[in-house]
Engineer: 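One structure, as structure tokens, below. Some questions next.
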2 protein chains.
Amino acid sequence: MPDPFPLPEPMRLALAAAQAAAQAGEVPIGAVVTREGRVVATGENRNRRDNDPTAHAEIVAIRAACAALGTDRLTGCDLWVTLEPCAMCAGAIAHARIARLYYGAPDPKGGGVDHGARVFARPQCHHRPELFSGLGEEAAAALLRGFFAERR
Amino acid sequence: MPDPFPLPEPMRLALAAAQAAAQAGEVPIGAVVTREGRVVATGENRNRRDNDPTAHAEIVAIRAACAALGTDRLTGCDLWVTLEPCAMCAGAIAHARIARLYYGAPDPKGGGVDHGARVFARPQCHHRPELFSGLGEEAAAALLRGFFAERR
């Protein structure tokens, strides 16, 4: 039976980036920035490789997109990420003025969008992206489960 | 009359970094990472210069400290910053395992430590620094007031 709702291409790419992160020994999370449907930048977790606690997939992708476009505001750009962003990344998404956020799996233990800090719901948050969740959730969660099962 | 409680040297350096940011046309916020009382790295706001919405003083200082020490965990290090960190920076401080956070002025409109997201107070936050606030508050707030008054 054909897939009744095929996964959008940017989320496929984010999943591929997550897989690449796992192969490099990093927690498998990937992100993609698009503008008008075209890919501007991709990012994957690089904490260990780069010795950088801020190098989550979302931050890597946002910084790369800003560098590619020569701006510090990604107005009109969308971010696709395999896992619910943490508070740090939600803050970065707000600062970058991302228009739409698509995330795959929810993260009750570390998320900062629909759990915990709920960064976008605070009056201190000066920009809120439009929010979509659950796209590619199964594949994203399976990558994470596989990664942590191997290390236990 | 001598100052009854002189400002600790790292906060003086953070204020100097904030002043340098203002001179470069950036919002005047500065940060310093110390370990056992010695300066490991400093940072100042670089959003505009670097086209990087994540380049807040805290993130710049944390990334520089990690690069200097060759690690992604600043265990045993302290962070001194002139303004209450936003949610993004509070998240980065937690990820970096900063031991003590000293901030100058509170930021009711944008802060994420003692206002809004209150990142460290959430169960999703896996590391909480010891917290000190108000050191250098007057000087830090005056720098910000002066900067925004000039631009109005």
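In what follows, chains are A, B, ... by sequence order, proteins preceding strands, each numbered from 1.
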Engineer: Determine whether the aromatic ring centres of residues A:His127 and A:His95 are separated by less than 6.0 angstrom.
Structural biologist: no
Engineer: Check for a donor-acceptor pair, side chain of B:Arg35 on one end and backbone N or O of B:Asp78 on the other, with a separation under 3.5 Å.
Structural biologist: no
Engineer: Please determine, among A:Asp72, A:Asp107, A:Ile59, A:Ile62, the option with the most heavy-atom pairs under 4.5 Å with chain B.
Structural biologist: A:Asp72
Engineer: For each of B:Cys125, B:Pro123, B:Ala117, B:Ala96, tally heavy-atom pairs with chain A at distances under 4.5 Å, and name the one with the top tally.
Structural biologist: B:Ala117
Engineer: Using a 4.5 angstrom heavy-atom cutoff, name the option from B:Ala121, B:Gly116, B:Ala92 with the most pairs to chain A.
Structural biologist: B:Gly116
Engineer: Just give me the residue among B:Asn47, B:Thr54, B:Asn51, B:Asp50 that pairs up with chain A most often, heavy atom to heavy atom, under 4.5 Å.
Structural biologist: B:Asn51
Engineer: Looking at B:Gln124 and A:Pro108, would you say the former's side chain and the latter's main chain have a donor-acceptor pair under 3.5 Å?
Structural biologist: yes
Engineer: Look at A:Ala67, A:Ala94, A:Gly91 and state which one has the largest set of heavy-atom pairs under 4.5 Å with chain B.
Structural biologist: A:Gly91
Engineer: Taking side-chain hydrogen bond (donor to acceptor under 3.5 Å, both in side chains) as the criterion, tell me which of B:His56, B:Arg49, B:Gln19 meets it with B:Glu44.
Structural biologist: B:Arg49
Engineer: Rounded at 0.5 Å granularity, tell me how far CG in B:Leu131 sits from CG in B:Leu101.
Structural biologist: 5.5 Å
Engineer: So which part of B:Ala90 gets closer than 4.5 Å to some heavy atom of chain A, the side chain, the backbone, both or neither?
Structural biologist: neither
Engineer: Who among A:Val119, A:Ile93, A:Leu74, A:Thr71 has the most heavy-atom pairs with chain B under 4.5 Å?
Structural biologist: A:Thr71
Engineer: Shorter than 4.5 Å, heavy atoms on both sides: which option in A:Gly111, A:Cys86, A:Gly70, A:Ala65 has the most such pairs with chain B?
Structural biologist: A:Gly70
Engineer: Counting distance only, does the side-chain N/O of B:Arg151 pair as donor-acceptor with the main-chain N or O of B:Phe147 below 3.5 Å?
Structural biologist: yes
